[in-house]
**Q** 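Before we start, here is the structure in question, set down as structure tokens.
Just so you know, these numbers use all the heavy atoms, side chains as well, and skip hydrogens, waters and symmetry mates. Residue numbers start at 1 and run along the sequence shown.
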Amino acid sequence: MKILVIIKSPPASQVVHEIAVNTVERLSCDSEIELSGIFFTDSSVSLTSKEICQISSLSNLQESYLNLTKERGIPLFVCGRAFMEQGLDKSSICEGFTLSGNMELSMMICSADKLLEF
């Protein structure tokens, strides 16, 4: 089963993000599940910015997502439009996250068997 995870929750919803990371970690251990990626949109894109490191608890959340890529190979996509709407510049995206768009999101949704949204 192919699963796409969509993150929409604002960075201040730390508990929701912790649940998302834990859920993705558990799912990645199941050999029958393929995680096609995690797609950040809406206000959650702030977590993908270099500037978020100024707040230690949010920096830890960002690192948790980045560890999913490093340790489990799960790609992290960021909606470019939402990133700009948050007043963030492309140059401020943290290494490990990839700016993406609606076309890529649409293709990932079409190829997924299940969507999880946090």
Side-chain angles (χ1 to χ4, degrees):
M1 176 185 321
K2 195 171 189 178
I3 297 176
L4 173 64
V5 178
I6 298 174
I7 307 290
K8 296 175 84 174
S9 297
S13 300
Q14 292 182 31
V15 173
V16 173
H17 289 284
E18 290 167 4
I19 291 169
V21 169
N22 290 333
T23 301
V24 170
E25 284 176 340
R26 283 196 322 272
L27 290 172
S28 69
C29 293
D30 188 332
S31 61
E32 295 181 15
I33 293 177
E34 176 189 345
L35 288 158
S36 54
I38 300 174
F39 195 93
F40 293 84
T41 189
D42 295 341
S43 60
S44 74
V45 298
S46 298
L47 273 174
T48 68
S49 170
K50 293 175 187 173
E51 285 83 25
I52 207 74
C53 293
Q54 296 173 11
I55 304 168
S56 63
S57 60
L58 297 181
S59 178
N60 292 339
L61 279 178
Q62 183 186 72
E63 192 60 35
S64 296
Y65 283 112
L66 289 168
N67 283 337
L68 293 172
T69 294
K70 293 173 191 169
E71 297 171 5
R72 303 182 190 275
I74 301 167
L76 304 172
F77 302 100
V78 181
C79 176
R81 172 177 239 152
F83 201 74
M84 289 188 323
E85 287 175 356
Q86 291 294 313
L88 300 166
D89 184 73
K90 290 182 204 178
S91 65
S92 70
I93 194 161
C94 187
E95 188 176 333
F97 295 95
T98 304
L99 281 176
S100 190
N102 288 331
M103 177 65 82
E104 291 87 0
L105 177 59
S106 296
M107 289 173 19
M108 286 188 278
I109 289 173
C110 287
S111 68
D113 298 309
K114 190 175 273 194
L115 298 175
L116 292 179
E117 185 177 313
F118 295 92

**Q** Can you name the side chain to side chain contact (heavy atoms under 4.5 Å, CB included) partners of Asp30, sequence neighbours left out?
**A** Glu32, Ile33
**Q** Hey, which of Ile3, Leu68, Leu35 is the one that makes side chain to side chain contact (heavy atoms under 4.5 Å, CB included) with Ser28?
**A**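 With Ser28 as partner, side chain to side chain contact (heavy atoms under 4.5 Å, CB included) holds for just one option, Leu35.
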**Q** Starting from Val78, can I reach Met84 by hopping between I/L/V/M/F/W/Y residues whose side chains sit under 4.5 Å apart?
**A** no
**Q** What distance do Ile109 atom CD1 and Leu105 atom CG have between them, rounded to the nearest 0.5 Å?
**A**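 Taking CD1 in Ile109 and CG in Leu105, the distance rounds to 4.0 Å.
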**Q** Quick one: do Leu27 and Leu76 end up in the same hydrophobic cluster if we chain Ile, Leu, Val, Met, Phe, Trp and Tyr together by side-chain heavy atoms under 4.5 Å apart?
**A** yes
**Q** Under the ring pair (Phe, Tyr, Trp, His ring centres under 6.0 Å) definition, can you give me all pairs with a residue in residues 80-114, not counting sequence neighbours?
**A** Phe40-Phe97
**Q** I'd like to know if the side chain of Thr69 and the backbone of Ile74 have a donor-acceptor N/O pair within less than 3.5 Å.
**A**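 Yes; judged by distance alone, with no hydrogens or angles, the pair exists.
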**Q** Kindly give the heavy-atom pair with the smallest separation between Gly80 and Leu99, and that separation in Å.
**A**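 Result for this residue pair: CA-CD2, 3.9 Å.
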**Q** Kindly compute the distance separating OG (Ser64) from CG (Leu58), expressed to the nearest 0.5 Å.
**A** 11.0 Å
**Q** Please collect all side-chain hydrogen bond (donor to acceptor under 3.5 Å, both in side chains) contacts where either partner lies in residues 34-44, sequence neighbours excluded, each pair once.
**A**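 Counting only pairs at least two positions apart or across chains, no side-chain hydrogen bond (donor to acceptor under 3.5 Å, both in side chains) contact touches residues 34-44.
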**Q** Looking at residues at least two apart in the chain, or sitting in another chain, which of them share a salt bridge (Lys or Arg N to Asp or Glu O under 4.0 Å) with Arg81?
**A** Glu85
**Q** Would you list the pairs meeting salt bridge (charged side-chain N to carboxylate O under 4.0 Å, His left out) in which at least one residue belongs to residues 59-69, sequence neighbours left out?
**A** Glu63-Lys70
**Q** Counting C-beta onward and ignoring hydrogens, is there a side-chain heavy-atom pair between Met108 and Phe39 closer than 4.5 Å?
**A** yes
**Q** Name each donor-acceptor pair under 3.5 Å that joins a side chain in residues 4-18 to protein atoms two or more places apart or in another chain, with its distance.
**A**
from, atom 1, to, atom 2, distance (Å)
Ser9, OG, Phe118, O, 3.3
Gln14, NE2, Ser57, OG, 3.2
His17, ND1, Tyr65, OH, 2.8
His17, NE2, Ser9, O, 3.1
His17, NE2, Pro10, O, 3.1

**Q** Does any non-hydrogen side-chain atom of Cys29 lie less than 4.5 Å from one of Arg72?
**A** yes
**Q** Check side chain to side chain donor-acceptor pair (under 3.5 Å) between Ser111 and all other residues, then give those that pass, not counting sequence neighbours.
**A** none
**Q** For Asp89, check side chain to side chain donor-acceptor pair (under 3.5 Å) against everything at least two apart and list the hits.
**A**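 Partners of Asp89 under the side chain to side chain donor-acceptor pair (under 3.5 Å) test: Ser91.
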**Q** Examine distances only and state if a side-chain atom of Thr48 and a backbone atom of Val45 form a donor-acceptor pair shorter than 3.5 Å.
**A**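 Yes, Thr48 side chain to Val45 backbone: donor-acceptor pair under 3.5 Å.
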**Q** Looking only at non-hydrogen atoms, find the nearest pair between Ser46 and Leu88 and report the distance.
**A** CA-CD1, 4.1 Å
**Q** Side-chain contact, heavy-atom cut-off 4.5 Å: Leu66 with Cys94?
**A**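 Sidechains of Cys94 and Leu66: in contact.
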**Q** Under the rule for side chain to side chain contact (heavy atoms under 4.5 Å, CB included), what residues qualify as partners of Asn102, not counting sequence neighbours?
**A**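 Counting only residues at least two positions away or on another chain, Asn102 forms no side chain to side chain contact (heavy atoms under 4.5 Å, CB included).
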**Q** Under a single-linkage definition using a 4.5 Å side-chain heavy-atom cutoff for Ile, Leu, Val, Met, Phe, Trp and Tyr, are Leu115 and Val24 assigned to the same hydrophobic cluster?
**A** no
**Q** Taking side chain to side chain donor-acceptor pair (under 3.5 Å) as the test, write out the residues that go with Glu117, two or more places apart.
**A**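 Side chain to side chain donor-acceptor pair (under 3.5 Å) list for Glu117, sorted by chain: empty.
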**Q** Suppose clustering is done on Ile, Leu, Val, Met, Phe, Trp and Tyr with side-chain heavy atoms closer than 4.5 Å. Which residues sit in the same group as Met103?
**A** Met107
**Q** Restricting to side chain to side chain donor-acceptor pair (under 3.5 Å), what partner residues turn up for Lys90, sequence neighbours left out?
**A**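 Not a single residue meets the side chain to side chain donor-acceptor pair (under 3.5 Å) criterion with Lys90.
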